[in-house]
2 protein chains.
Amino acid sequence: MISKRKVEERNQRKLAILEGSLRVFNELGIEKTTMDEIAHESGFGKATLYYYFTSKDDVFVHIMEYGWKRLWEGIESRVVENIGPRKKFIGIIRKMGKIVTEDKILYGFLFTAPNYINDPNKQPWKIYQERLYAILQSIIEKGIEKKEFVDLNPNLLMKAIGGLFHQLLISNEEDLKDNEFEDMLKNFLRPKK
Amino acid sequence: MISKRKVEERNQRKLAILEGSLRVFNELGIEKTTMDEIAHESGFGKATLYYYFTSKDDVFVHIMEYGWKRLWEGIESRVVENIGPRKKFIGIIRKMGKIVTEDKILYGFLFTAPNYINDPNKQPWKIYQERLYAILQSIIEKGIEKKEFVDLNPNLLMKAIGGLFHQLLISNEEDLKDNEFEDMLKNFLRPKK
DNA sequence: TTAATTTTCGACCTAGGAGTCTATAAATAT
DNA sequence: ATATTTATAGACTCCTAGGTCGAAAATTAA
């Protein structure tokens, strides 16, 4: 029976491989990244990668799952708060912004490299992604209902915010001033008088 | 001396290859696309591709240049109109939306596959791209100056609009209703009272 | 009609990279 | 101390895909 310490060590090694992979994926792109380079970057032999993961694809899947799960778990407590939709929405976006900004490399990668694996049976991260989207959409709908948000197609609003989020917090190289993104979002969502 | 008709035929063949390539690039992604598949899709033998283009990368470069050039040339006449920044901006965005919606496959590809070639000396499409961005940014700055736009960092606004544009006109699978995007943009740009 | 040029393509070459092999080292259990 | 299990890695295999070869077909010029 394997000790807790041994399991923890094993997980640390897997994480080291994932982080090394991410650094090279991000620099070169997935396809231009070789297992040799991943091995070198993470400090293991190439065969060792296959000891912990079944394939290059498997490494990618683990990175995606790790990132989306962490994002979801980071905002989960905000989801259950019993407050108005606008406040809740801003709270979640604020929290997401924080998590994403803390690990821009991971989340930049997550948001721009989704089509590498197209097989729906091999996309375990989708469940967290879909939960997140569903929750945000639900809050937007309630916000429009209660006239706390501008009266636009909620589906469209969702996409618009996704576009803003991505372009300003992920792709943007310069750090935003405090609340800049949030202020823009608030103005954008402001109902018409 | 080659006749005009022969030159035109040659260009038509090159275009056929580019369109075939784009279809497969879009479906499979650049790296998963083989020259064999491009050949099959465009109705030529593989060696024929190399008769017209120097390499797979060359095909990609031609697609990028073709698309960005067309976009730039499509809005060029609006740039020189002697009207207010807000009107001009909306006019350009409207025109861009039209061009992009008419060839979603091409522009979807253009906006999501920029890092395939990183060598700055091999990115001829950048000149059109940069012209376009510079013009839009200049108009935004004038719009803020004249209080026709919300008073935010123009660089940020630029990025935000890029995010909206991408997410709503490119990534969005459902067609927008007439003016939906434009209305949202107007709302977004609305100065605070 | 013949020669020259342009266009075409399947077979082939070669380099590169995912994944495996097999032996060894390190860690743990007896 | 020995046996077992876990972890390690460079050499190697095998396959794929970019790109070329060399010949033939089609078109054009003389």
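Not measured: the values here are computed from a predicted model. Numbers restart at 1 for each chain; the letters A, B, ... are given by sequence-line order, proteins then strands.
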Would you kindly give the [atom1]-to-[atom2] distance between [X] and [N], to the nearest whole Å?
X: A:Asp36; N: C:dT20; atom1: CG; atom2: C1'; answer: 14 Å
X: A:Lys14; N: D:dA7; atom1: NZ; atom2: C1'; answer: 14 Å
X: A:Glu31; N: D:dA17; atom1: CD; atom2: P; answer: 11 Å
X: B:Leu49; N: D:dG18; atom1: CG; atom2: P; answer: 10 Å
X: A:Lys32; N: C:dG16; atom1: NZ; atom2: P; answer: 14 Å
X: A:Lys56; N: C:dG17; atom1: NZ; atom2: C1'; answer: 8 Å
X: B:Glu9; N: C:dT7; atom1: CD; atom2: P; answer: 9 Å
X: A:Met35; N: D:dA9; atom1: CE; atom2: C1'; answer: 14 Å

Below 4.0 Å: OP1/OP2 of [N] and any side-chain N or O of [X]:
X: A:Arg5; N: C:dT28; value: yes
X: A:Lys6; N: C:dT28; value: yes
X: B:Tyr51; N: C:dT7; value: yes
X: B:Arg13; N: C:dT6; value: no
X: B:Arg10; N: C:dT6; value: no

Is it true that atom [atom1] of [X] has more than 12 heavy atoms of other residues, nucleotides or ligands lying nearer than 6.0 Å?
X: A:Lys32; atom1: NZ; result: yes
X: B:Lys146; atom1: NZ; result: no
X: B:Ile105; atom1: CD1; result: no

Problem - Nearest listed nucleotide, side chain of B:Ala47, among D:dT20, D:dA9, C:dG19 - result: D:dT20

Fill in the blank from the handout: Taking D:dT8, D:dA17, D:dT20 as options, the one with an atom nearest any side-chain atom of B:Tyr50 is D:dT20

Problem - Within-4.5 Å side-chain heavy-atom neighbours: A:Thr48 and A:Arg13 - result: no

Identify whether any heavy atom of [X] sits under 4.0 Å from a base atom; if not, whether one sits that close to sugar-phosphate; answer base, sugar-phosphate or nothing.
X: A:Thr33; answer: sugar-phosphate
X: B:Tyr52; answer: sugar-phosphate
X: A:Thr48; answer: base

Side-chain donor-acceptor contacts of residues 68-85 of chain A below 3.5 Å, not counting sequence neighbours, with atom names and distances?
unit_1  : atom_1 : unit_2  : atom_2 : d
A:Arg70 : NH1    : A:Tyr66 : OH     : 3.2
A:Trp72 : NE1    : A:Glu76 : OE2    : 3.4

Completion exercise
Closest to the 5' end of DNA chain D, once B:Asp57 and A:Lys46 are matched to their nearest nucleotides, is A:Lys46

